[in-house]
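Along the sequence shown, the residues carry numbers beginning at 1.
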Amino acid sequence: MFGLFKSNPTKKLRKNYDMKLEQAMHAQRKGDIKTYSMLTAEAEAIWAEIETLEKEKKD
């Protein structure tokens, strides 16, 4: 019953992931490839964390 009030940890991570990808896209459009690479790497790390949490949730 009280699971309704439990926060979803992946929701915040997905929002952060989307934000990083959008920032990376804007950096790429401006020609700043170094920043694009850094932001994409951060987004990939966040995605790996999301996958880990979802895998633990299933088990």
Given Trp47, which partner from the list Glu51, Glu44, Glu49 fulfils the side chain to side chain donor-acceptor pair (under 3.5 Å) test? Glu51

With sequence neighbours left out, write down each residue that passes side-chain contact (heavy atoms from CB on, under 4.5 Å) with Ile46, or none if nothing qualifies. Leu13, Asn16, Tyr17, Lys20, Ile50

Which residues pass the side-chain hydrogen bond (donor to acceptor under 3.5 Å, both in side chains) test with Thr52, sequence neighbours left out? none

Partner residues of Asp32 under the side-chain hydrogen bond (donor to acceptor under 3.5 Å, both in side chains) criterion, sequence neighbours left out: Thr35

Could you identify which residues cluster with Met25, counting Ile, Leu, Val, Met, Phe, Trp and Tyr as linked when any side-chain heavy atoms lie under 4.5 Å apart, either directly or through a chain of such contacts? none

For residues 7-16, the salt bridge (charged side-chain N to carboxylate O under 4.0 Å, His left out) pairs (sequence neighbours left out) are Arg14-Glu54

With sequence neighbours left out, write down each residue that passes ring pair (Phe, Tyr, Trp, His ring centres under 6.0 Å) with Tyr36, or none if nothing qualifies. none

Restricting to pairs with a member in residues 21-31, which pass side chain to side chain donor-acceptor pair (under 3.5 Å), not counting sequence neighbours? none

Rounded to the nearest 0.5 Å, how far apart are OG1 of Thr40 and CG of Leu21? 7.0 Å

